[in-house]
2 protein chains.
Amino acid sequence: MPATNAAASRRRSGIPEATVARLPVYLRVLTALAESGTTTVSSEALAATAGVGSAKLRKDLSHLGSYGTRGVGYDVEYLVYQISRALGLTQHYSVVIVGVGNLGHALANYAGFATRGFRIAALVDADPRRVGEDINGLDVHHLDDLERLVKEHEASIGVIATPATSAQEVCDRLVACGVTSVLNFAPIVLAVPDSVDVRKVDLSIELQILAFHEQRKAAGATERPGSAVPDVVRGTVVAS
Amino acid sequence: MPATNAAASRRRSGIPEATVARLPVYLRVLTALAESGTTTVSSEALAATAGVGSAKLRKDLSHLGSYGTRGVGYDVEYLVYQISRALGLTQHYSVVIVGVGNLGHALANYAGFATRGFRIAALVDADPRRVGEDINGLDVHHLDDLERLVKEHEASIGVIATPATSAQEVCDRLVACGVTSVLNFAPIVLAVPDSVDVRKVDLSIELQILAFHEQRKAAGATERPGSAVPDVVRGTVVAS
DNA sequence: ATTTGTGAAGGGTTTCACAGCG
DNA sequence: CGCTGTGAAACCCTTCACAAAT
């Protein structure tokens with residue numbers, strides 16, 4: 001699914017795109033382990049809690065360097081640091097969120113942002129009635145101030161949580177004032193220059209993919225009327 | 001990201017997982033085209049608006065059958081129907097949403113659900129103060145009634161929009177009462193039987209992936225001090 | 001004895017380029 | 001002539017299995 005230009009990506013960074021997508025999962029599991037006092041973990045154990053195979057985990061980590069000890073495993077804290085560094089989380093990024101509806105509220109209140117070096121620099125909305133509202137300690141500004149806010153806070157990441165109808169226009173403005181990464185929640189395909197990264201989160205698409213698999217399960221069940229609850233069915237766990 | 005068991009999947013359905021993930025995008029573009037009165041579209045044009053290459057688009061569609069006309073293109077309405085059928089959207093699915101915080105509200109109000117054959121059968125929350133609240137014409141029920149509601153509405157898809165701490169327990173209960181597909185918004189890796197499909201949407205992970213690419217851009221820029229705004233940079237558009 | 005790190009094999013996916021059809 | 005549909009090549013990713021290290 002994922003990507004475009006994974007080859008070009010790897011040429012520079014050495015880390016395959018598929019690996020990059022899993023590192024944050026490892027990081028989360030490792031952080032939890034560290035908090036529970038665990039100091040060392042094997043690839044087998046870490047892989048199990050992260051929901052992947054141990055060979056895949058080791059290959060992923062091998063792209064960062066040789067940070068394990070044979071016969072022992074990985075030092076939890078050290079791995080946390082190395083993964084953070086590889087992902088660029090030792091730097092801080094300012095994020096601007098455009099659109100403060102239910103979804104924007106959810107994003108503004110999401111604790112996971114701050115804990116990983118992401119600072120919500122500004123909340124912006126087109127509706128004058130929302131301007132001035134306080135969300136999680138942040139003021140809502142008017143869309144007119146978008147350019148000023150982006151430059152003032154040197155925001156490099158923009159989050160689009162607007163209706164689909166305004167998403168492209170907001171995106172264009174973000175890109176025009178220097179944003180180079182966009183996380184898009186609007187159900188629309190954004191057009192951006194090649195120098196800008198876009199990732200999209202699309203609820204409707206996720207549901208449709210699930211529907212596809214549901215359909216297959218149902219078809220399989222009726223093919224074999226004898227087994228009301230088939231005990232060997234393929235299960236699929238998919239990363240977003 | 002993507003998948004597990006794509007091989008097993010394809011054995012039954014004939015459609016590769018990577019293709020399944022893109023079909024909903026094509027469907028959305030085609031629906032918009034149909035509404036704007038377009039009756040025919042070429043792979044080139046459709047691919048451009050969907051943000052993919054035309055060869056990829058044609059190969060994707062070829063997995064559904066030969067529904068184009070050489071020298072002409074694809075009939076928009078017919079393609080809409082064929083993709084809908086392939087995805088299983090001609091059936092209707094009942095969805096139960098657990099957790100009615102900001103995110104749950106956003107999901108309950110999302111129009112894209114109903115328009116694709118997904119019916120929100122019930123909203124559920126653990127907080128008694130939310131019970132009885134009316135969201136988008138739907139009552140919020142208490143978590144205690146989860147099993148009853150799932151069975152009553154024959155829901156096969158569950159959406160988890162709870163805090164991470166309760167997500168696994170909610171998931172277990174959903175699976176126990178017959179839900180076979182789960183869309184998880186909680187930042188945690190869910191453990192499920194092989195017969196259950198899980199897809200996850202994780203805001204923090206998306207941001208971390210963007211951070212990785214931001215870091216690379218910054219590194220590239222300092223490597224070549226002469227070019228303040230490099231004009232040939234890799235741009236990456238990634239499907240979620 | 002145990003667990004990492006990794007070549008090599010095996011699939012899956014994308015891209016190319018063109019044959020085939022309208 | 002134009003555009004689809006598709007073998008074949010290229011590429012990426014995963015899995016296997018084991019040598020190397022502690």
Side-chain angles (χ1 to χ4, degrees), chain A residues 1-23 25-26 39-48 50-76 78-79 82 234 236-239, chain B residues 1-23 25-26 39-48 50-76 78-79 82 234 236-239:
Chain A
M1 104 215 68
T4 300
N5 255 350
S9 247
R10 186 148 49 266
R11 216 168 298 134
R12 270 175 172 280
S13 75
I15 305 182
E17 195 60 31
T19 295
V20 170
R22 283 185 295 265
L23 288 178
V25 179
Y26 305 153
T39 61
T40 277
V41 69
S42 71
S43 65
E44 199 80 42
L46 182 52
V52 302
S54 66
K56 192 189 272 185
L57 173 78
R58 289 198 301 278
K59 177 82 68 180
D60 282 342
L61 295 183
S62 77
H63 292 293
L64 314 190
S66 277
Y67 299 134
T69 308
R70 295 171 195 233
V72 178
Y74 300 89
D75 182 88
V76 174
Y78 190 51
L79 243 200
Q82 289 299 345
R234 78 276 116 223
T236 312
V237 177
V238 186
Chain B
M1 108 194 27
T4 301
N5 253 353
S9 250
R10 188 149 47 268
R11 217 169 296 135
R12 272 177 171 280
S13 76
I15 305 182
E17 195 60 31
T19 295
V20 170
R22 283 185 295 265
L23 289 178
V25 179
Y26 305 153
T39 60
T40 277
V41 69
S42 71
S43 66
E44 199 79 42
L46 182 52
V52 302
S54 65
K56 193 190 270 185
L57 173 77
R58 288 198 301 278
K59 183 137 286 195
D60 281 342
L61 295 183
S62 77
H63 293 292
L64 314 189
S66 277
Y67 299 134
T69 308
R70 294 169 197 236
V72 178
Y74 300 88
D75 182 88
V76 173
Y78 189 50
L79 244 200
Q82 290 298 346
R234 80 275 117 223
T236 312
V237 178
V238 186

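Not measured: the values here are computed from a predicted model. Computation of the quantities below employed the complete heavy-atom set of this structure, encompassing side-chain atoms and omitting hydrogens, waters and symmetry-equivalent molecules. Below, chains carry the letters A, B, ... as their sequence lines are ordered, and counting in each starts from 1.
- Residues A/Gly14 and A/His63 share a closest heavy-atom pair of O-ND1, 3.9 Å.
- Contact annotation: A/Tyr67 side-chain N/O to C/dT3 OP1/OP2 distance is not under 4.0 Å.
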Problem - side-chain contact (heavy atoms from CB on, under 4.5 Å) between A/Val25 and A/Val52, intermediate numbers included - result: CA-CA 10 Å; A/Val25 179; A/Val52 302; over 6 Å; no
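- The interatomic distance linking A/Leu64 (CG) with C/dG5 (C1') rounds to 13 Å, in whole Å.
- Protein atom CZ of B/Arg22 is 9 Å distant from nucleotide atom P of C/dT15, rounded to whole Å.
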Where do N or O atoms of nucleotides 19-22 of chain D meet protein N or O atoms at under 3.5 Å, pair by pair?
from: D/dA20; atom 1: N3; to: A/Arg70; atom 2: NH1; distance (Å): 2.8

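- If you measure from atom OH of B/Tyr78 to atom P of D/dT4, you get 16 Å, rounded to the nearest angstrom.
- With rounding to whole Å, A/Glu17 atom CD is found 15 Å from D/dC11 atom C1'.
- Scanning all heavy atoms of the two residues, the minimum distance from B/Arg58 to B/Ser43 falls at NH1-OG, 3.1 Å.
- Among the nucleotides D/dC16, D/dG5, D/dC13, the one closest to any side-chain atom of A/Ala55 is D/dC16.
- Every pair passing salt bridge (Lys or Arg N to Asp or Glu O under 4.0 Å) that includes a residue from residues 60-73 of chain A is listed here, sequence neighbours excluded: A/Arg22-A/Asp60.
- Atom CG of B/Leu57 is separated from atom C1' of D/dT4 by 11 Å (rounded to the nearest Å).
- Contact between the side-chain N/O atoms of B/Ser43 and the OP1/OP2 oxygens of D/dC3 is not found at any separation under 4.0 Å.
- Applying the side chain to side chain contact (heavy atoms under 4.5 Å, CB included) rule to A/Ser42 yields the partners A/Glu44, A/Ala45; only residues at least two apart in sequence or on another chain are considered.
- The distance between atom CG of B/Asp75 and atom C1' of D/dC3, rounded to the nearest whole Å, is 15 Å.
- Applying the side chain to side chain contact (heavy atoms under 4.5 Å, CB included) test to A/Tyr78 and every residue at least two apart in sequence or in another chain returns A/Tyr67, A/Asp75, A/Gln82.
- No side-chain heavy atom of A/Thr40 sits less than 4.5 Å from a side-chain heavy atom of A/Thr69.
- One axis for each end of the helix from C/dA1-D/dT22 to C/dG22-D/dC1, each built from five base pairs, and the angle between them comes to 0° at 10° resolution.
- The distance between atom NZ of B/Lys56 and atom C1' of D/dT6, rounded to the nearest whole Å, is 17 Å.
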Handout entry: side-chain contact (heavy atoms from CB on, under 4.5 Å) evaluation trace for A/Leu61 with A/Leu79
Key = CA-CA 9 Å; A/Leu61 295 183; A/Leu79 243 200; 3.9 Å; yes
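- Of all heavy-atom pairs spanning A/Val41 and A/Leu46, the tightest one is CG2-N, 3.8 Å.
- For B/Asp60 and A/Ser66, each mapped to the nucleotide of DNA chain C holding its nearest heavy atom, the one lying further toward the 5' end belongs to A/Ser66.
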Between the protein and nucleotides 7-10 of chain D, list every N/O to N/O distance that falls short of 3.5 Å.
from: D/dG7; atom 1: O6; to: B/Lys59; atom 2: NZ; distance (Å): 3.4
from: D/dA8; atom 1: N6; to: B/Lys59; atom 2: NZ; distance (Å): 3.4

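- Between the CD atom of A/Glu44 and the P atom of D/dT15 there is a distance of 13 Å, rounded to whole Å.
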